[in-house]
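Read through the structure below, which is laid out as structure tokens, and then see the notes.
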Amino acid sequence: GVWRQTRALLFKNCLIKCRTKKSSVQEVLFPLFFLFWLILMSMMHPHRKYDEVANTNLGTLDTSQLVNFVIGYTPPTRVTRDIMKKVAFDNFEDGIITEEYLSEEELQEASALKPSNFVGVVFKDSMSYQLRFHDSIAMSSIYTESR
């Protein structure tokens with residue numbers, strides 16, 4: 001029954017492999033070639049490992065640099081207001097001013113008027129945002145591509 005069919009199928013496959021030596025060799029050598037290529041590529045670009053950093057007390061935050069610091073945000077919704085209120089009052093009692101803008105254009109104009117102490121936050125949705133500085137846009141690390 002089953003043993004005889006299995007033995008016949010194995011014998012048939014051996015005959016096919018012996019008669020088609022070129023394709024049989026390719027079936028073995030191509031995976032080995034690709035494995036060699038992957039090893040070579042990983043050796044050319046090794047992973048960097050950084051040492052562990054011990055827990056240390058960084059001290060208190062110097063809030064004197066944040067005096068009259070302005071954070072502008074858009075669009076003004078209930079969620080964004082709550083987020084910016086938490087940023088301004090829960091972390092810093094004084095010094096940070098939050099301003100809401102109706103559009104990104106208004107935010108950019110305000111950034112041009114106060115370039116040294118202004119950062120813009122554009123909320124794309126309730127979970128993602130972009131930081132806007134006077135001369136550049138800081139993208140989230142989610143959009144950073146690997147090598």
Calculate, to the nearest 0.5 Å, the distance between atoms [atom1] and [atom2] belonging to [X] and [Y] respectively.
X: Cys14; Y: Leu10; atom1: SG; atom2: CG; result: 4.5 Å
X: Tyr73; Y: Ile83; atom1: OH; atom2: CD1; result: 10.0 Å
X: Gln26; Y: Thr20; atom1: CD; atom2: OG1; result: 10.0 Å
X: Glu109; Y: Ser103; atom1: CD; atom2: OG; result: 7.5 Å
X: Glu100; Y: Glu106; atom1: CD; atom2: CD; result: 10.5 Å

Scan the side chains in residues 34-44 for donor-acceptor partners under 3.5 Å anywhere in the protein, sequence neighbours excluded, and list what turns up.
residue, atom, partner, partner atom, Å
Ser42, OG, Leu38, O, 3.4
Ser42, OG, Ile39, O, 2.8

Could I get the full list of salt bridge (charged side-chain N to carboxylate O under 4.0 Å, His left out) partners for Arg78, not counting sequence neighbours?
Asp82
Output, in order, the C-alpha distance, side-chain angles, deciding distance and verdict of side chain to side chain contact (heavy atoms under 4.5 Å, CB included) for Ile71 and Met84.
CA-CA 9 Å; Ile71 300 176; Met84 296 311 291; 3.1 Å; yes
Apart from Val25 itself, which Ile, Leu, Val, Met, Phe, Trp or Tyr residues share its cluster (side-chain heavy atoms under 4.5 Å, direct or through members)?
Val28, Leu29, Leu32
How is the hydrophobic cluster of Trp3 composed, in terms of its other members, when Ile, Leu, Val, Met, Phe, Trp and Tyr link through side-chain heavy atoms under 4.5 Å apart, directly or indirectly?
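The other cluster members (ILVMFWY side chains, heavy atoms under 4.5 Å, direct or chained): none.
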Would you say Val119 and Val70 make side-chain contact, with heavy atoms under 4.5 Å?
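In short, these two side chains do not touch, never coming nearer than 4.5 Å.
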Could you please spell out the steps behind the side chain to side chain contact (heavy atoms under 4.5 Å, CB included) verdict for Leu9 and Thr6?
CA-CA 5 Å; Leu9 185 61; Thr6 305; 5.8 Å; no
Would you please test Leu102 and Thr74 for side chain to side chain contact (heavy atoms under 4.5 Å, CB included) and show each step?
CA-CA 6 Å; Leu102 296 176; Thr74 188; 5.8 Å; no
Greater than 12 external heavy atoms within 6.0 Å of Lys22's NZ:
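No.
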Dump the intermediate steps for side chain to side chain contact (heavy atoms under 4.5 Å, CB included) on Val79 and Phe123, then the final yes or no.
CA-CA 10 Å; Val79 174; Phe123 289 94; over 6 Å; no
For Ser24, which residues count as a side chain to side chain donor-acceptor pair (under 3.5 Å) partner, sequence neighbours excluded?
none
With sequence neighbours left out, write down each residue that passes side chain to side chain donor-acceptor pair (under 3.5 Å) with Glu27, or none if nothing qualifies.
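By the side chain to side chain donor-acceptor pair (under 3.5 Å) rule, Glu27 matches Lys17.
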For Pro76 and Tyr101 the tightest heavy-atom approach is CD-O, 3.2 Å
